[in-house]
Structures are given as structure tokens and as C-alpha cells.
Asks: 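What follows is a structure written as C-alpha cells; I'll ask about it next.
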Amino acid sequence: MKKNNWIKVLIIWALYVGLHFTHKYIPCGLTQLFGCPEETIFHHMKMAYLAYSLVSIIEFFILKPHYRESFISSRILSVILISYFSFMLWFFVPVVIGPIHTEWFEIVYSNLILAFSLSAVVYIETFTEKISFNKTIMRVLTLLYLIILTVFVVSTFSPPEMDVFSPLEHAQ
């Protein structure tokens, strides 16, 4: 990866860590929305999504890319991927080795997951920003981005009673 990409990874990582502690030190509705009010995988996915989104928006205004559409579509795809990558990678050790029982290991492991996920997505982005997505794909990506944003915002204040590993129980 290029030096600029490593800088981007570090900036997103720093913003993510900053968001992580905002609610702890300034507890209010706004910091609950952007921060980590509970140590859940969901809130960590949300912070990665938001940190990557914010850095991408700032990057757009700083770089003022002449390839606007492919820049925007590649960043939307990257934001979608960072949430999914971090979610799936989190489960790798518990699935392969077993439960994580120590706090220090969980913190180190979480940061390794974030570093790997960010590096992978930023690297993929260097290729996707060269692609000219058609309008249909751009609409689909935008819709997915907005759906995920809605889920993060609404679920922060009103989490659904749903577990990703438990069978869905239907009302009788």
C-alpha cells in the first residue's frame, strides 16, 4: 500500500478510537449516537462505519477529485465493506479457537481486526475508485449505505430484540 493509504488507515483508526470514548467522557444523546455506549460488536461496527464515512467526506473536500462519481461510489462501497469485514473477522478466533476470556486479549484482537479490516478496505478502494459504476449500481450502493446508516442510528437508541446466532422466533 502507498504511504497515503497508511495515513488514511491511521486517521480512520484514530477517529474510531476517539469515537469509542466520547460517550464515556461526555455522556449524552449525540455521543451515544456516534460513540460506544455499550461494548457490543454492533457499536464497534457503527463506529467503523461512521469514522470511515467522515474521513471519506473530508477526503472528498480536500482532494477535490476530478473523478467524482467513481470516488463517491468507491467510498460508499468501502464504508459498507468495513462494517461487514470487521463483523465477520471478529468471529474468526471464537469460531476457530474458542471464546475470548481475557480483556487484554480482546482489546489487542479488536485492534488487530480493525487494522486488518481498514488496510484491506483501503487497498480494495484503490482499485474500485478506478471503476466507473453505472447509475443502477450507484443507486444500489447508496440504498445499502442508507439502510445500514438507518439500522445503526435507530438501533443505537432502540435495539431490536434479535440475536444473530439464535433462531428467529415468530409470534404465534
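All values reported here derive from a predicted model rather than from experimental measurement.
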Asks: Could you give the distance from CD1 (I12) to OH (Y52), rounded to the nearest 0.5 Å?
Replies: 5.0 Å

Asks: Rounded at 0.5 Å granularity, tell me how far CD1 in I58 sits from CD1 in I11.
Replies: 8.5 Å

Asks: Under 4.5 Å between side-chain heavy atoms, hopping through other hydrophobics if needed: is there a path connecting I107 to F105?
Replies: no

Asks: If you round to the nearest 0.5 Å, how far is CG of L33 from NE2 of H43?
Replies: 10.5 Å

Asks: Counting C-beta onward and ignoring hydrogens, is there a side-chain heavy-atom pair between F92 and I113 closer than 4.5 Å?
Replies: no

Asks: Establish, from distance only, whether the side-chain atoms of S53 and Y145 form a donor-acceptor pair under 3.5 Å.
Replies: yes

Asks: Show, in sequence, the C-alpha distance, side-chain angles and deciding distance for F71 and L63, and conclude whether the side-chain contact (heavy atoms from CB on, under 4.5 Å) test is met.
Replies: CA-CA 10 Å; F71 180 92; L63 296 179; 4.2 Å; yes

Asks: Taking the six-membered ring for Trp, are F127 and Y123 parallel (under 30°), tilted (30 to 60°) or perpendicular (over 60°)?
Replies: perpendicular

Asks: Report the residues that fulfil side-chain contact (heavy atoms from CB on, under 4.5 Å) with Y84, sequence neighbours left out, ordered by chain and then residue number.
Replies: M88

Asks: Could you go through E106 and W90, starting from their C-alpha distance and side-chain angles, then the distance that decides it, and tell me whether this counts as side-chain contact (heavy atoms from CB on, under 4.5 Å)?
Replies: CA-CA 10 Å; E106 184 178 336; W90 171 256; 3.4 Å; yes

Asks: Looking at E125 and S78, what are the two nearest heavy atoms and their distance?
Replies: OE1-OG, 2.8 Å

Asks: Around F60, counting heavy atoms of other residues, nucleotides and ligands shown, do more than 12 lie under 6.0 Å from its CZ?
Replies: yes

Asks: Name the atoms and distances for all side-chain donor-acceptor pairs under 3.5 Å in residues 130-143, with sequence neighbours left out.
Replies:
from : atom 1 : to   : atom 2 : distance (Å)
N134 : OD1    : T136 : N      : 3.0
N134 : OD1    : I137 : N      : 2.8
T142 : OG1    : M138 : O      : 2.8

Asks: So which atom in E129 and which in R75 form the shortest heavy-atom distance, rounded to 0.1 Å?
Replies: OE1-NH1, 2.8 Å

Asks: Ring centroids only, cut at 6.0 angstrom: are H20 and H44 within range, meaning strictly under it?
Replies: yes

Asks: Please report the interatomic distance CZ(F152) to CZ(F157), rounded to the nearest 0.5 Å.
Replies: 14.0 Å

Asks: Under 4.5 Å between any side-chain heavy atoms of F34 and T156, yes or no?
Replies: no

Asks: Counting only heavy atoms not in E39, do more than 12 fall under 6.0 Å of its CD?
Replies: yes

Asks: Just how far is it from atom OG of S83 to atom CG of L50, taken to the nearest 0.5 Å?
Replies: 8.5 Å

Asks: Using atom types as modelled and distance alone, determine if a side-chain donor or acceptor of Y109 lies under 3.5 Å from a backbone N or O of V93.
Replies: yes

Asks: I need the minimum non-hydrogen distance between G35 and T22, along with the two atoms involved.
Replies: CA-OG1, 3.6 Å

Asks: Can you tell me how far CZ of F116 sits from CG of L89, rounded to the nearest 0.5 angstrom?
Replies: 6.0 Å

Asks: What are the two closest non-hydrogen atoms of V151 and F42, and how far apart are they?
Replies: O-CZ, 3.8 Å

Asks: With side chains defined as the heavy atoms from C-beta onward, is the minimum distance between Y49 and S86 less than 4.5 Å?
Replies: no

Asks: Could you list the residues that satisfy side-chain contact (heavy atoms from CB on, under 4.5 Å) with V154, not counting sequence neighbours?
Replies: T150

